[in-house]
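Both ligands and their constituent atoms are indexed starting at 1 by order of listing.
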Amino acid sequence: MTEIIKINPTNPEPELIERAAGYIKQGKLVAFPTETVYGLGADAFNADAALNVFKAKNRPPDNPLIVHISSIEQLGTVATGISEKIEAIARKVWPGPITFVLKKAERVPYAVTGNMDTVAVRMPAHPIALALIEKSSPIAAPSANLSTKPSPTNASHVINDLYGKIDAIIDGGDTFFGVESTIVSLVGEPVLLRPGPFTVEELEGIFGKISIPDEVREARQSEKALAPGMKYRHYAPKTPLFVVYCSMDEIVGELDRLHADYSIICSNETAEGLGKHSAMLLGSRSNMYEIAKNLFSILRSIDALNSKFCIIEAFDERGIGLAVMNRIKKASGLQGIYSKDGIAYIFNALAHQ
Ligand code: TXA
Ligand code: MG
């Protein structure tokens, strides 16, 4: 049985937080909201609880979890080798949607770090998450979805994926950003491992230049696995998804001429240009935060439409747009359409499935 605990996201009820924190301390699994996406939490110092997180999600054991803390004082209990400079940066950016990879402290079990000597750490900017950690312990948590599905941005996504498999789900409404945290390795020179709501532009304000490996920029799966999660398929709907890098208008015109059975995901502005066509709306192109917030929910709903394939608009890779495009590219398995001639590619790809 999974208990659903509804908690006020801006003013969490202390007695409900105590109950959920009690479960964490007993080694149970509790899903909870953060400002990015929902996490599936376990006591970060309890190896058995961490192993159960992998089991519930069906997550490959070498894809490590992020450890969530609620104060800078806790940082020293989960990571070592923290220079004054790193501590000063952490104080500046936390709580917030940015995760740092650091050297692991001995107390953190290898089950949490996927057998690595490094640990990913962040302090989430969400009242429920902060209160829960404060009343229990540092919490190891990946996103609270089944492996390969988009991360959950509300409690019903978590219920769909994990009901019956975990002990409790805190329903704290919608998350704020809708895409997962930015990950930066600070083990050597700073390297961006995953783009997120904390933008490259903001990172450069703190670190100066930051290195962005090609596979991160291009959202490629990587065997070398800078962040082990990069080895694995992500967010992918069953319905084949193609990113349209040219005029949506032109592609839709051509697909209609060919009587294709497809659906469309795009911005409000682009949808207006498509006239009578119905599309799944991501929001206004002039507000990439709105697009980020709606993306995973819409990716989750594609399969229910039962169309043969789906096309999705491409966005500028600036600000949070880099994170949005990174998730869209991953969901598409890097299948893109660059001109009208690319439609032959779609039909070819579909024929080979
Ligand atoms: O916003 C977020 O980051 C959310 C919320 C719940 O905090 N968490 C999340 O976790 O999205 P998830 O499912 O993405 O898993 C953690 C990611 C994986 O991509 C993993 O490869 C990377 O963090 N990671 C964890 N430990 C790492 C390490 N020691 N070195 C490199 N990458 C690491
Ligand atoms: Mg995840």
Among [options], which one puts a heavy atom closest to [atom]?
| atom | options | answer |
| --- | --- | --- |
| atom 6 (C) of ligand 1 | Ser151, Gly39, Pro33, Ala120 | Gly39 |
| atom 18 (C) of ligand 1 | Thr34, Asp62, Asn63, Val101 | Asn63 |
| atom 17 (C) of ligand 1 | Val108, Val187, Ile183 | Ile183 |

Passing candidate, side-chain hydrogen bond (donor to acceptor under 3.5 Å, both in side chains) with Thr34, options Glu180, His68, Arg122 |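 The passing option is Arg122.
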Does a donor on one side chain and an acceptor on the other come within less than 3.5 Å for Thr99 and Ser181?
->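 Note: Thr99 and Ser181 side chains meet the donor-acceptor criterion.
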Taking it one step at a time, do Arg91 and Glu87 satisfy salt bridge (Lys or Arg N to Asp or Glu O under 4.0 Å)?
-> CA-CA 6 Å; Arg91 282 186 193 278; Glu87 187 181 318; 2.8 Å; yes
What atoms of ligand 1 come within less than 4.0 Å of a heavy atom belonging to [X]?
| X | value |
| --- | --- |
| Thr118 | 28 (C), 29 (N), 30 (N) |
| Pro142 | 10 (O), 13 (O) |
| Leu65 | 25 (C), 26 (N) |
| Met116 | 28 (C), 29 (N), 30 (N) |
| Pro64 | 16 (C), 20 (C), 24 (N), 25 (C), 26 (N), 27 (C), 33 (C) |

Assess [X] for proximity to ligand 1: is some non-hydrogen atom of it under 4.0 Å away?
| X | value |
| --- | --- |
| Arg194 | yes |
| Asn145 | no |
| His68 | yes |
| Thr113 | no |

Any N/O of Thr36 closer than 3.5 Å to an N/O of ligand 1?
->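 Among all N and O atoms of Thr36, at least one is under 3.5 Å from an N or O of ligand 1.
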Looking only at N/O atoms, are Tyr38 and ligand 1 under 3.5 Å apart anywhere?
->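 It does not: no N or O of Tyr38 is found under 3.5 Å from an N or O of ligand 1.
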Keeping waters out of it, list the protein N, O or S atoms under 2.8 Å from the Mg ion (ligand 2).
->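 The answer, once waters are left aside, is Ser143 OG.
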Any non-hydrogen side-chain atom of [X] less than 4.5 Å from a side-chain atom of [Y]?
| X | Y | result |
| --- | --- | --- |
| Arg194 | Val216 | no |
| Pro95 | Pro124 | no |
| Asn145 | Arg300 | yes |
| Phe32 | Ile7 | no |
| Tyr163 | Met1 | yes |
| His157 | Tyr38 | no |

Heavy-atom pair with the smallest gap, counting every atom of Leu334 and Ala219 =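 What the structure gives for the nearest pair is CD2-O, 4.0 Å.
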List the atom of Gly41, the atom of Ile139, and the distance in Å for their closest heavy-atom pair.
->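 Smallest heavy-atom distance, with atoms named: CA-CG2, 3.5 Å.
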Identify the residue among Val324, Ile328, Val179 that makes a side-chain contact (heavy atoms from CB on, under 4.5 Å) with Ile291.
->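 Checked Val324, Ile328, Val179 against Ile291; only one passes side-chain contact (heavy atoms from CB on, under 4.5 Å): Val324.
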Please name the residue in the list Asp249, Ile265, Ile251 that meets the side-chain contact (heavy atoms from CB on, under 4.5 Å) test with Val244.
->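 Checked Asp249, Ile265, Ile251 against Val244; only one passes side-chain contact (heavy atoms from CB on, under 4.5 Å): Ile251.
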Using a 4.0 Å heavy-atom cut-off, say whether [X] meets ligand 1 through its side chain, its backbone, both or neither.
| X | value |
| --- | --- |
| Arg59 | side chain |
| Arg122 | side chain |
| Glu180 | both |

Those residues that, when tested against Ala168, pass side-chain contact (heavy atoms from CB on, under 4.5 Å) (two or more places apart) =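 Testing Ala168 for side-chain contact (heavy atoms from CB on, under 4.5 Å), a comparison that skips the adjacent residues, returns Glu3, Ile5, Tyr23, Val30.
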